[in-house]
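To start, the structure itself, in structure tokens.
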Amino acid sequence: MRRRSRKLPILEGPSIMGLERIIGNSSAKPGFHDVLFSALFTLHFVLVLTLACRWAADPEHPLPSWLTTYAKEQAKENQQEFGSLALAALLAASGGLPFLFVYLKFMEWFAFIMISLIFVGAIVGTAGGSAYCFYHALHVIGSSGDYYSQTLVLAFVLLLCSLLSVIYFMCMWRRLETVAHILSAVSGVLSGLPGALSLSYVTAALSLGWMLLWTMSLVEFNYIAETAGTGEKILLNFWWLVTFFWGAAVLDGVLQIAIATIIATWYFDEQYLERGVPCCKPAVWGAFGRAFTMQFGQACFGGLVLSVLRAIISMLTKLQQSIGDGNVVAKVVLCCVTCCVKCVESCLSWLTAYAYVYVAIYGVSFIKAGSEVLTLLSNKGLDMVATSAFVEPVLFVGALLGGAVGILWGEIARQSINAPAWIPYSGGFVGGFISVGVGLSLVSSGTKTLLVAYAEEPGVMRSKKPELANKWAEGNRLVKP
């Protein structure tokens, strides 16, 4: 069985230890993989589309009367509130785009400072919250007061989180500089590619369309499943839940593969990435087209695995809610099982993101990409964890700041339409948070791509970008020379 060492020599070719790279000069031609899963997803899509069209064309199957009545009453009574909410969300979503580019530039220039400040702020915040809870429990509530024990437990939990954050930050300190350079490089690439950023919004729009289409088909599906038995209904509902999650997961997988292809193109063949105008580069839209065709099967395969787990979580949560308060043991057991399945789903989602990187760079099947991820994890697991641990908080803070900027747009909407202040403020925050968060999600895929590309073929960076390679080597080295 082939074993690859991560201590690689300086290489220029597209082949590395049996893997044929499909990006860069003299690269191999990509092929189709996991065609069975792409065909299976296509059949599901046709089925959903057929049911949605049947519902739309059949006047005997309208929406439930209680739903239409409620919607009409709410629209009549809260017309101004809905208008204010929609206007604030629209303004915030549009105004979030300039802020997105500004935040990308800040990450490009001050990545190390931003990561450090966010971690230090989290440590100080949890420590301060713990001190406040201790003081409030001992000097304000008193040992005989209400919520004394709960406040003490919260204080100890916050103190433990603060201590664990300090330990983690100290252990990962040497890797921080390398991750900061990776984050800076990815932010710089994406800030110069508005076409790549637009892919995230195109995919988000397609996801909304899929949700609407699936909801329309669900009404028709319920009419068809009325005559089924109890056991059959459970299986049919589970299958239809899988279909819903599958569509969203496939679109997300296609986006991740496309962004990984774009960032890998910058790493292996930057000259090709520079062709064309900023909003319409062949490398950008070519990556999106390849992800939707040749690499669509891998996205369908990975999405199916995650969708089954997410459907199981939804069914367990629904079952837990349906159990009465009297059956405490059953609710506790279901809660534990749900928690375990969620942990498995989160781990697989994280690993699948890395598998999509191998799919984008080497054009392998999803199973082969998964085996490569496990090999990388066994050799560079701490670097993979550090990348997510340091990058994700920066992206989350950026989305929160986008929501804060959205509140300012909510104030403009409040002045235009007379409504309670909290409605446009809420709409502005949600619109800004989603708008900026969707754009920043590409950075997460990009950092994973650079980590894999540098770990697999460091010679490309050393030969084509020696100054940047030396900067990356100043921190904890992903690949030792």
### Message
Regarding Lys342 and Glu345, does a basic nitrogen lie under 4.0 Å from an acidic carboxylate oxygen?
### Response
no
### Query
Asp34 side chain to Phe366 main-chain N or O, any donor-acceptor pair under 3.5 Å?
yes
### Query
Between Phe390 and Tyr168, how do the two ring planes meet: parallel, tilted or perpendicular, split at 30° and 60°?
tilted
### Val359 backbone acceptor or donor facing Gln295 side chain under 3.5 Å
yes
### Message
Minimum heavy-atom separation for Ser349 and Arg310, please, with both atom names.
### Response
OG-NH2, 3.9 Å
### Query
Which pair of non-hydrogen atoms, one from Ala355 and one from Gly370, has the smallest distance, and what is that distance?
CB-N, 4.3 Å
### Message
Determine whether a donor-acceptor pair (N or O, by modelled atom type, separation under 3.5 Å) exists between the side chain of Ser444 and the backbone of Leu440.
### Response
no
#### Entry: Main-chain N/O of Gly195 paired to Ser198 side chain as donor or acceptor, under 3.5 Å
yes
### Query
Do the side chain of Ser162 and the main chain of Leu158 share a donor and acceptor less than 3.5 angstrom apart?
no
### Task
Taking Thr375 for its side chain and Ser371 for its backbone only, find out whether a donor-acceptor pair lies under 3.5 Å.
yes
#### Entry: Side-chain touch Arg275/Lys281, heavy atoms, less than 4.5 angstrom
no
### Query
Can you say whether the rings of Phe296 and Phe41 are parallel (under 30°), tilted (30 to 60°) or perpendicular (over 60°)?
perpendicular
### Message
Would His44 and Trp240 count as a ring-ring contact (aromatic ring centres under 6.0 Å, His included) here? Give the steps.
### Response
CA-CA 10 Å; His44 276 73; Trp240 211 244; 7.9 Å; no
### Task
Using modelled atom types only, decide if a donor and an acceptor are shared between the side chain of Ser307 and the backbone of Gly303 within a distance under 3.5 Å.
yes
### Message
I need the minimum non-hydrogen distance between Cys300 and Val250, along with the two atoms involved.
### Response
CA-CG2, 3.8 Å
#### Entry: Test item: side-chain donor near acceptor, Gln298 and Ser365, under 3.5 Å
no
### Task
Return the orientation label for the Phe244 and Trp214 ring planes: parallel under 30°, perpendicular over 60°, tilted otherwise.
tilted
### Task
Without swapping roles, check the side chain of His33 against the backbone of Gly363 for a donor-acceptor pair under 3.5 Å.
yes
### Task
Assess whether atom NZ of Lys318 is packed by more than 12 heavy atoms of other residues, nucleotides or ligands within 6.0 Å.
no
### Query
Does Arg21 come within less than 4.0 Å of Glu456, counting only side-chain N to carboxylate O?
no
#### Entry: N/O donor-acceptor pair under 3.5 Å between Thr126 side chain and Ala122 backbone
yes
### Summary
In short, Ile23 meets Ala264 closest at the heavy-atom pair CD1-CB, 3.6 Å
### Query
Is the OH atom of Tyr201 crowded by more than 12 outside heavy atoms at less than 6.0 Å?
yes
#### Entry: Phe106, CZ: over 12 other non-hydrogen atoms inside 6.0 angstrom
no
### Task
Quick one: sort the Trp210 and Phe45 rings into parallel, tilted or perpendicular, breaks at 30° and 60°.
parallel
### Message
To the nearest 0.5 Å, what is the distance between CZ on Phe288 and CZ on Phe292?
### Response
4.5 Å
### Task
Say whether, by atom type as modelled, one donor and one acceptor occur between the side chain of Lys105 and the main chain of Ser191 under 3.5 angstrom.
no
### Message
Quick check: do Gln256 and Ser441 have side-chain heavy atoms less than 4.5 Å from each other?
### Response
no
#### Entry: Any donor-acceptor N or O pair under 3.5 Å, side chains Ser184, Trp109
no
